[in-house]
Amino acid sequence: MPELPEVETIANGVNERVRGARIVSVWTSGKPQTFKSPENEIEEVLTGARIERVRRVGKTVVVTLGREQGQAEFLVHLGMTGRLLVAEREVPLPAHTHAVLTLADGREVRFVDPRRFGRLSVVREAYLGPGAEPTTIGDEEFAKLFRGRKVAIKAALLNQSLLHGVGNIYADESLFRAGIRPTRAAGKLTRTELARLREALQKVLARAIELGGSSVSDYVDAEGMTGYFQIEHAVYGRGGEACKVCGTAIKKMVLGGRGTHYCPVCQR
DNA sequence: CGTCCCACCTGATTGC
DNA sequence: TGCAATCAGGTGGGAC
């Protein structure tokens, strides 16, 4: 589900609500694939810890913990349908809840994930993530990521070990705004095209963060509110509809197993 | 190593 | 209406 703007919205929302709070108890569901670290280790590391801050790294929500036993971070990857909610204890637990952190004031941080593609883990060092940060990367470094690569530029944008945080919506939207066909070989884009792509990507991400992300079906923030960037989607989810720039029908194809949307006239 | 494809899940929507 | 097929904001592992 969530890409960089959605994960950032969630992380900021959770941070504002629970920063400084103490975790007094932890419950986990026992569904094995949800837990990348052993469940008992997660419970042990979180119980009694203070939440120092919550931030986004790539598509991961990172909770920095204050503990007498030493540094640790709690990592929440939301997969396709994961939600991280801060709720009063009276609010009924949603179906598919896989972890609940109870805070000293009685509120709960809840991880809910119907499809169970999300993953929870703890690490003992500061988490940096696999790839470069797209919101701040410069032209030089951005261009270097794609040099010599034969894969389609869309597939390269989705590769988290190159750039972390870009997913299917923002790959399609930024390629449209840069006027680049998603199927073009990443290594064959010109310097000008790469500069346009970097700028388009950063503008799209910044605007989406402003609007609280895109809510296509499942996504909500820490308070359960939807985002609004889907209103500004130019191509994603608009197959067959008219291009907002030239009126041509938006095409939808499958590229690297993902639905891919583009304008055959505006994107070359 | 780079690239491709599929499996991992549930739920909503589409089509017969 | 009912039921099966298809499709989803993601990743990771195996095959080549």
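In what follows, chains are A, B, ... by sequence order, proteins preceding strands, each numbered from 1. What's counted below: heavy atoms across the whole structure, side chains too, no hydrogens, waters or symmetry copies.
- Looking at A:E223 and A:R17, a side-chain N of the basic residue comes within less than 4.0 Å of a carboxylate O on the acidic one, giving a salt bridge.
- As rounded to whole Å, 19 Å separates atom P of C:dT6 from atom CZ of A:R258.
- Phosphate contact (OP1/OP2 of C:dG10, side-chain N/O of A:Q160, threshold under 4.0 Å): absent.
- Of the P atoms belonging to C:dC3 and B:dC9, the separation is 25 Å, rounded to the nearest Å.
- Counting heavy atoms of neighbouring residues, nucleotides and ligands inside a 6.0 Å radius, atom CZ of A:R53 does not exceed 12 of them.
- Backbone-only contact: A:Y236 has heavy atoms under 4.0 Å from sugar-phosphate atoms and none from a base.
- Summarising the geometry, atom CG belonging to A:L175 is positioned 5.5 Å from atom CG belonging to A:L157; distances are rounded to the nearest 0.5 Å.
- Counted by atom type alone, A:E43 and A:T28 present one or more donor-acceptor pairs between their side chains at under 3.5 Å.
- Rounded to a whole Å, the CG atom of A:L163 is 13 Å from the P atom of C:dT11.
- Around the CD atom of A:E140, the shell of radius 6.0 Å holds no more than 12 heavy atoms that belong to other residues, nucleotides or ligands.
- In this structure, A:H98 and A:H96 have tilted ring planes: the angle between them lies in the 30° to 60° band.
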Can you give one letter per nucleotide of nucleotides 2-12 of chain B, going 5' to 3': B for a protein heavy atom under 4.0 Å from the base, S for sugar-phosphate only, - for none? SSS---BBBS-
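- Within a 6.0 Å radius of CE in A:M253, other residues, nucleotides and ligands contribute more than 12 heavy atoms.
- When the side-chain nitrogen and oxygen atoms of A:K252 are compared with OP1 and OP2 of C:dC7, none of them lie within a distance under 4.0 Å.
- Helical stems in DNA chain B, defined as runs of 3 or more consecutive Watson-Crick or G-U wobble pairs with donor-acceptor distances under 3.5 Å: B:2-8 with C:10-16, B:10-16 with C:2-8.
- When the shell of 6.0 Å around CD of A:E68 is examined, it contains 12 or fewer heavy atoms from other residues, nucleotides or ligands.
- Whole-Å rounding puts the A:E6 CD to C:dA8 P distance at 16 Å.
- Partner of A:E193 under the side-chain hydrogen bond (donor to acceptor under 3.5 Å, both in side chains) criterion, chosen from A:R184, A:R198, A:R268: A:R184.
- When rounded to the nearest whole Å, the span between CG of A:N168 and C1' of C:dA8 equals 10 Å.
- Separating the P atom of B:dG11 from that of C:dT1 is a span of 22 Å, rounded to the nearest Å.
- At C:dG10, none of the side-chain N or O atoms of A:H77 fall inside 4.0 Å of OP1 or OP2 (strictly under the cut-off).
- Here C:dT11 presents its C1' atom at 15 Å from CG of A:L75, a figure rounded to the nearest Å.
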